[in-house]
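Data block below; observations after.
Numbered from 1 within each chain, the chains take letters A, B, ... in sequence-line order.
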Amino acid sequence: MTIVTRFAPSPTGYLHIGGARTALFSWLLAKSQGGTFRLRVEDTDRERSTKEATDAIIEAMAWLDLAAEGSAVFQSERFDLYNSFIDQLLATGRAYWCRCTPDEVEAMREKARAEGRKPKYDGRCRELGLEPGAGRPDGRPDGWVVRFKGPQDGVTAFDDMVKGPTAVQNAELDDMILRRSDGAPTYNLAVVVDDHAMGVTHVLRGDDHVANTPRQILLYQALGWDVPRFGHVPMILGPDKAKLSKRHGALSVMEYKKLGYLPEALVNYLVRLGWSHGDQEIFSREELIRLFSTDNLGNSPSVFDLKKLEWLNAHYIKESTPQRLAALLPEFLGEAGSLDGLNLDPAYLAGIMPLLQPRAKTLVEMADMARFFLLPTAALVYDDKAVADQLKPEARALLAELLPIYESATDYGDHTALEAATQAFLDERGLKFKAVAQPLRVALTGKTASPGLFETMGVLGKNESLARIKRALAL
RNA sequence: GUCCCCAUCGUCUAGCCUGGUCCAGGACGACGGCCUUUCACGCCGUUAACAGGGGUUCAAAUCCCCUUGGGGACGCCA
């Protein structure tokens with residue numbers, strides 16, 4: 001049997017870190033067993049669901065490369081289907097009409113709470129055999145709902161893929177609403193109908209859904225359908241161990257893209273949050289597919305650690321090709337400032353990347369570090385303090401003497417030759433490298449921190465290198 | 001309040017099911033060192049945990065119970 005998993009977000013906002021991790025686990029579960037992964041948009045709440053959110057979620061999943069099979073299922077387009085099953089439940093006596101108002105139900109809950117019991121609907125309409133259209137006893141024009149007629153004793157049990165055997169007393173459950181007073185089906189009903197209709201065999205979802213699972217199982221049984229396997233992954237916490245929220249920083253997956261993270265870094269980070277394979281930390285997508293199993297999913301909540309994400313991102317930046325990074329960079333350069341006058345030639349950019357790859361933790365940092373390479377000499381910004389500290393008279397004199405040496409050098413592509421020439425000059429005068437290193441660096445880059453001097457000169461090329469030294473000398 | 005779940009270094013985790021090989025392993029971080037033309041990279045090292053208490057057992061991080069702490073659910077939201 002080939003398995004089917006799904007990710008079922010409700011389009012009320014962007015795709016957040018927690019949702020992305022659940023989606024990733026579901027995707028991995030399917031792929032690891034040669035199964036199918038599908039997407040369903042849970043937009044039964046017409047008030048809060050938006051097209052923008054739907055698009056944003058799909059965009060984020062695409063960025064993470066979590067492709068879903070077939071076209072997405074939209075619950076808002078399937079109300080007739082849901083209603084037909086509610087009618088069936090009504091006809092078979094597994095559901096009933098309830099005329100209680102929200103206020104009345106709230107009063108019941110209050111009462112139960114006050115008595116130290118679990119707040120729930122008391123089932124007063126359960127055996128009334130109410131028929132809408134047959135005239136309402138209280139004369140109220142509308143507002144009836146349909147409730148599930150759940151068992152009042154016994155136990156509903158299931159074997160959770162991550163938590164293991166789980167059981168709930170049916171008495172803990174109240175008769176959930178299946179159809180709202182406006183005729184719209186509710187979440188629990190729609191989920192069951194869709195998962196069955198879509199052939200879903202394994203449901204992996206957030207911890208916050210455990211309480212829904214027994215209710216849904218009861219629905220499957222009432223409808224006479226096979227019950228899928230369920231797995232509930234623990235949630236992600238902020239550094240203060242409270243549920244991860246906006247105040248902890250970026251929550252949206254796409255926000256991480258903006259912050260300069262590579263999708264494979266986020267995926268690798270997220271997968272290790274709650275899942276492990278021995279001591280391994282770095283996983284390629286192929287390894288993940290081959291190694292993933294719900295058996296290795298942890299069952300305690302985990303804290304989101306930005307430092308580790310940064311480490312992984314730095315790793316993937318090093319692993320990346322210069323060409324890919326070069327293509328990604330302009331977006332970040334533009335985000336940080338003007339692109340005017342910058343040399344954004346792809347080949348030039350690609351030449352810079354290897355110098356920055358070991359140094360940048362994010363693409364944002366990389367764009368910042370790349371800037372001095374891209375500015376024409378005339379527009380280069382020299383750091384005042386760096387100039388004051390490093391370009392003192394003696395230093396300038398040395399640079400002036402070095403200039404002809406660099407002028408006569410022909411092959412800037414060979415940075416070791418540049419270095420050898422510099423060393424020879426220094427040896428002649430019995431000077432240490434330190435005597436020229438920082439002054440030269442400031443002259444070339446405007447700053448005191450940069451990639452290796454001669455690699456930098458090699459990338460800048462002869463004309464730019466000479467122009468920069470001359471400009472520095474004139475400062 | 002009621003019900004459910006969780007509990008190993010600061011953090012992610014391995015180990016727990018199938019007690020002894022664990023005075024608990026890896027990784028991130030932090031700290032120190034090496035390398036070095038700056039900044040990084042890299043390399044080496046240090047730091048640091050079985051929540052507490054009872055059992056069971058020759059032996060418990062591993063099994064059982066209680067306590068504490070944390071989280072979740074209790075919607076005509078999903």
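One finds the CE atom of M161(A) at 6.0 Å from the CZ atom of R229(A) (value rounded to the nearest 0.5 Å).
The residue among T166(A) and P9(A) whose nearest nucleotide of RNA chain B is located toward the 5' end is T166(A).
In this structure, F25(A) has its ring center closer than 6.0 angstrom to the ring center of F292(A). Checked against the 6.0 Å centroid threshold, H209(A) and Y187(A) count as a close aromatic pair. Separation of the W275(A) and F283(A) ring centroids falls under the 6.0 Å cut-off.
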Review point. With the sugar-phosphate defined as primed atoms, P, OP1 and OP2, and the base as all remaining atoms, what B/S/- string results for nucleotides 31-52 of chain B, 5' to 3', for protein heavy atoms under 4.0 Å?
Key: ------BBBBS-----------
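Between A73(B) and U11(B), the two P atoms lie 23 Å apart (nearest whole Å). Comparing G33(B) with C41(B), their P atoms are spaced 16 Å from each other, to the whole Å. Comparing the C1' positions of U68(B) and C28(B) gives a spacing of 29 Å, expressed to the nearest Å. Nucleotides C50(B) and A24(B) have their P atoms positioned 10 Å apart, rounded to a whole Å.
Using a distance-only test at 3.5 Å, with no hydrogens or angles considered, no donor-acceptor pair links the side chain of S276(A) to the main chain of R272(A).
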Taking only nitrogen or oxygen atoms into account, show me every contact under 3.5 Å that the protein makes with nucleotides 73-75 of chain B, one pair per line with its distance.
residue	atom	partner	partner atom	Å
C74(B)	O2'	P119(A)	O	2.8
G75(B)	OP2	R109(A)	NE	2.0
G75(B)	OP2	R109(A)	NH2	3.1

Protein-nucleic acid N or O pairs under 3.5 Å, nucleotides 8-14 of chain B:
residue	atom	partner	partner atom	Å
U11(B)	OP1	K241(A)	NZ	2.8
C12(B)	OP1	V303(A)	N	2.8
C12(B)	O2'	R272(A)	O	2.8
C12(B)	O2	K308(A)	NZ	3.3
U13(B)	OP1	G274(A)	N	2.4
U13(B)	OP1	S302(A)	OG	3.3
U13(B)	O3'	S276(A)	OG	3.3
A14(B)	OP1	S276(A)	OG	2.9

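By the 4.5 Å heavy-atom criterion applied to side chains, R179(A) and L90(A) are counted as neighbours. Two residues are said to be in side-chain contact when any heavy atoms from C-beta on lie closer than 4.5 Å; H202(A) and P228(A) fail this criterion.
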